[in-house]
Amino acid sequence: MGYPHQPHPRENTVLSRYFGDAEARSVDGWKSRGGYKALQSALQMDPLAVVNVVKDSGLRGRGGAGFPTGLKWSFMKLGDGKPHYLCCNADESEPGTFKDREIMRWTPHALVEGVAIGAYAIGAETAYIYIRGEFTEPLAIMEQAVADARAAGIIGKNAMGSGKTIDVWVHKGAGAYICGEETALMNSLEGKRGNPRIKPPFPAVSGLFGMPTTINNVETLAAVPHILNHGAEWYKKLSRPDNPKSTGTKLWSVCGNVQRPGNYEVEMGFPFGEFLHDLCGGALPGRKLKAVIPGGSSVPIITIAEAEAGVMDYEGMVACGTMLGSAGCIVFDDAQSMPRQIARLARFYAHESCAQCTQCREGTAWTTKILERMVAGDGTMEDFDTLLSIADNMTGKTICVLSDSCAVPVVSGIQRFRHEFEALIKRTTIHVVPQVIA
Amino acid sequence: MSHGPSASGGALVKAGAHGHDVPHEPVFVGETAARLETLIERYPNRQAALLPALWMLQEARGWVSEAGMVEVAQQLALTPAYVKGVVTFYTMYHQHPVGKYFIQVCTTSPCHVCGAEDVVKAFLEQTGCGELGVTSDDGKFTVIEVECLGACGFATPVMVNSDFLESITPNRVAEVLARYP
C-alpha cells in the first residue's frame with residue numbers, strides 16, 4: 001500500500017498488506033497472519049522442488065538486475081561438500097528506493113521466512129542479512145525478529161523440527177552505496193573494503209568466503225513464501241496477459257514532486273500514467289510533471305509523456321526508453337532545472353565511486369565538475385561533446401556498473417533536456433517556476 | 001569515500017584538536033570482549049567481524065581513533081594498516097571526534113528536489129556550526145550532508161546519532177534541536 005497513505009483500491013497488496021500494522025512484527029503476530037506455513041511446507045519438500053516452484057513462478061530479482069530467481073538458485077550445486085551461503089542484500093541505497101526499508105520495518109518475519117526458505121533451497125546452513133548502517137530502525141527490528149525466530153525454534157540448529165540447520169545473522173554495513181553491488185557486499189561482509197570483484201568467478205562458484213553463494217534482494221526473498229503458499233500459477237497470473245516475462249506484484253517507491261510519495265504495490269503491467277496521476281496523486285498544485293526516473297537513479301531519465309505511455313514491468317519500461325531497475329521512482333516537476341538535478345546525481349556517483357577503476361574514479365569526478373560549471377552559468381557548447389565522450393568511456397569498461405550508472409542520467413538527460421542546458425549556456429531564460437519551500 | 005580529484009566534498013568531518021591526545025583505554029575487556037568473541041562465532045574467520053568490532057569501538061568511544069584501530073587489529077589478528085584501510089573506506093566511522101549530536105541531512109536528488117538544501121542551511125544556522133563538518137563551539141553539534149539515506153518518500157530524512165527522523169522541513173529544525181539538549 002502507499003504507506004503512509006491508505007491503500008489505493010487499484011493496488012494488490014501481497015507484500016505490503018501489513019505495512020503500518022505493528023502487531024505483524026512478532027512471531028505470533030506473523031503466524032496468525034499466515035506466516036511460517038510456507039517454510040514449514042518447504043522443509044518437507046526436496047530443495048530442488050522448492051527451486052522449481054520459484055523457477056516456474058517467473059519471479060525475477062527485485063534489487064535492480066531482474067535476473068530470474070529460480071535460475072539463480074539452480075546454479076548452486078547441492079551436495080558438493082562445500083559450505084553454501086545465502087546473502088540477503090538489504091543495503092538499499094539506490095536513490096529513490098525505500099521499499100526494502102518498509103518490508104523490514106513492518107514485516108521482518110516475512111524476510112526471515114524468505115531467507116530461511118532460500119537457504120534451504122540452495123543448501124546453505126548460514127545466511128546473512130546485510131543491512132546498511134544508516135537503517136537503524138530496520139536493523140533493530142530485524143535483529144529482534146531473528147532472535148525471536150531462533151528462540152521459537154523456527155531457525156537455528158533444528159529449524160522447525162526438520163533436523164536442518166538454518167542459521168540467520170544480521171550484519172550491519174558502515175556507509176557505502178557500492179556495498180549494494182553483490183560482490184562488494186560479500187567483500188564488506190568478509191571484513192574488507194567494499195570493492196566489487198571481477199566476474200567470473202560468479203558468486204555461485206566462488207562467493208562469500210570463497211564458497212558457493214547466492215545473493216538476493218529483500219523484496220525477492222519476501223515474495224518467496226507467498227509463491228509457495230499460493231503456487232507458481234497464481235503468481236504468474238499477476239501480470240499482463242501478453243507478457244509472461246514479468247510476473248507477480250512489485251513494490252514501487254515514489255518520491256520527489258508528487259502529491260503522495262510512498263510505497264505502492266501493483267501487479268506487473270500496470271499503466272504508468274494512471275499510476276503517477278491517480279495512485280500517486282499527480283503534480284503538486286499549480287505544477288506540471290516534467291520528467292521521471294522510474295527505476296532508481298541508475299536508469300535513464302524519461303519525459304513525462306514517455307512515462308504516461310509506459311507499462312510498469314521489466315519489458316514495458318525498456319519499451320519506453322528506460323528500465324525497471326529497483327522501481328525507485330523519482331518524479332520531477334516543472335519547477336526543477338534538469339541540468340541542476342543531473343549534476344546532483346553525478347555528484348552522488350562521484351562520492352560513491354570506490355575508485356578501483358580509473359574510468360569511474362576520474363569519469364564521475366570530471367562529469368560532476370563539468371556539469372556543476374554548466375549549472376553555474378559557465379558552460380560552453382563544447383561541453384556536450386566532452387560529457388558524452390566521458391560517458392562513452394565510462395560505459396561497459398569497468399568492474400561494476402557504478403560508472404555506467406553515472407553516465408546514464410547524463411546521456412539520457414542531454415538527449416531529452418538539451419534545451420535546458422543550452423539555455424544555461426546562452427544565458428537565456430527558460431520557464432522554471434520558482435520553488436516554494438513549505 | 002572521497003578520493004583523489006573527486007568532486008565530492010562537504011561530507012568529511014574536519015579534524016578538531018580535542019580528543020586526539022587522550023590515552024586510549026582498551027574497549028575489548030570483560031563483557032565487551034566476550035560479546036566480540038560470541039559475535040565472531042557467526043563467521044568462519046575472525047576478519048569477518050571487523051565491521052561489527054569497529055561499530056563496538058565507535059559505540060564505546062564515540063569515534064574510531066588510531067589507537068582504537070590498533071586494538072581492533074590485535075583482537076582480530078589483522079594489521080593496524082589493514083584495519084585503517086577498511087575504516088577509511090566507509091563513511092560512518094568517525095575518524096575524528098564529533099559533536100555530542102552528529103546530524104546527517106540527506107541531500108541526494110529525491111531530497112534535493114524537495115528542498116533539502118534549505119534544511120541543511122537551517123541546521124547550520126541554528127546549531128551554530130556555520131559550516132559543514134565543523135563542530136559547534138559548545139561541542140554539541142556537528143552537521144554533515146549525507147548521500148541517500150534510503151527514505152526518499154519522507155524527504156528530508158535526517159539522522160541525529162542513531163535516531164532516524166522523517167519529513168524534516170526548515171521550520172521543523174528548531175523543534176528537532178530542542179529534543180537534543
Side-chain angles (χ1 to χ4, degrees), chain A residues 83 92-98 101 126 132-137 167 169 171-178 188-194 209 253-257 261-263 297 328 330 332 336 341 344-348 350-355 361-362 364-366 368-369 372 435 437-438, chain B residues 1-11 39 42-55 76 78 82 85-93 104 107-115 118-119 146-155 157 159 161-164 166 169-171:
Chain A
E92 185 166 63
S93 1
E94 177 78 5
T97 319
F98 50 101
R101 175 174 182 259
T126 309
R132 63 179 297 187
E134 294 89 344
F135 275 1
T136 46
E137 192 192 357
D167 270 327
W169 304 108
H171 192 94
K172 180 182 181 182
Y177 166 73
I178 193 57
S188 180
L189 230 161
E190 290 180 13
K192 298 174 181 165
R193 293 168 69 93
F209 306 114
S253 307
V254 183
C255 65
N257 307 132
N263 280 295
S297 62
I330 313 171
F332 304 92
Q336 306 302 332
Q341 291 312 322
R344 184 62 189 85
L345 279 176
R347 170 165 281 268
F348 169 80
H351 182 266
E352 299 300 337
S353 171
C354 88
R361 184 183 63 242
E362 300 298 319
T364 54
W366 281 108
T368 308
K369 280 185 180 177
E372 289 184 348
Q435 195 169 359
I437 307 297
Chain B
M1 287 170 286
S2 281
H3 318 274
S6 166
S8 67
L39 210 138
R42 298 177 179 184
Y43 310 100
N45 63 44
R46 297 181 77 82
Q47 176 180 299
L50 179 51
L51 265 58
L54 290 167
W55 276 120
L76 301 179
L78 302 166
Y82 178 85
V86 171
V87 168
T88 53
F89 185 86
Y90 298 93
T91 56
M92 293 184 78
Y93 298 125
Q104 308 184 70
T107 59
T108 310
S109 308
C111 292
H112 191 244
V113 301
C114 295
D118 295 291
V119 179
V146 68
E147 294 294 352
C148 194
L149 283 177
C152 319
F154 307 92
M159 287 191 81
N161 295 345
S162 62
D163 295 347
F164 199 105
E166 294 172 347
T169 53
N171 57 20

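Any value given below was found using the heavy atoms of this structure, including those in side chains, with hydrogens, waters and symmetry copies removed. Each chain gets a letter, A, B and so on, in the order the sequences are listed, and its residues count up from 1. Fair warning: this is a prediction, and the values are worked out from it, not measured in the lab.
For A:Thr97, the part lying under 4.5 angstrom from a heavy atom of chain B is the backbone only. Residue A:Ser297 does not touch chain B at all, counting heavy-atom pairs closer than 4.5 Å. At a 4.5 Å heavy-atom cutoff, the contact between A:Phe209 and chain B is made by side-chain atoms alone. Contacts of B:Ala155 with chain A are absent, with no heavy-atom separation under 4.5 Å from either backbone or side chain. Proximity to chain B is limited to the side chain of A:Ile330, based on heavy atoms less than 4.5 angstrom apart.
The structure places OG1 of B:Thr91 at 7.0 Å from CD of B:Gln104, a figure rounded to the nearest 0.5 Å. With rounding to the nearest 0.5 angstrom, the CZ atom of B:Phe154 is 4.5 Å from the CD atom of B:Glu166.
Contacts with chain B were tallied for A:His171, A:Glu137, A:Glu190, A:Lys172; A:Lys172 has the most, counting heavy-atom pairs under 4.5 Å. Heavy-atom pairs under 4.5 Å with chain B were tallied for A:Pro83, A:Gly328, A:Gly194; the largest tally goes to A:Gly194. Per-residue counts of heavy-atom pairs under 4.5 Å with chain A were compared for B:Gly85, B:Ala53, B:Pro157; the largest is that of B:Gly85.
Considering only heavy atoms from C-beta on, B:Leu54 stays 4.5 Å or farther from B:Tyr90 through its side chain.
Cation-pi geometry between A:Arg101 and A:Phe98 is not met at under 6.0 angstrom from the ring centre and within 45 degrees of the axis.
Side-chain N/O atoms of A:Arg344 and B:Thr107 include a donor and acceptor closer than 3.5 Å.
Between the side chain of A:Arg347 and the backbone N or O of A:Thr368, no donor-acceptor pair lies under 3.5 Å.
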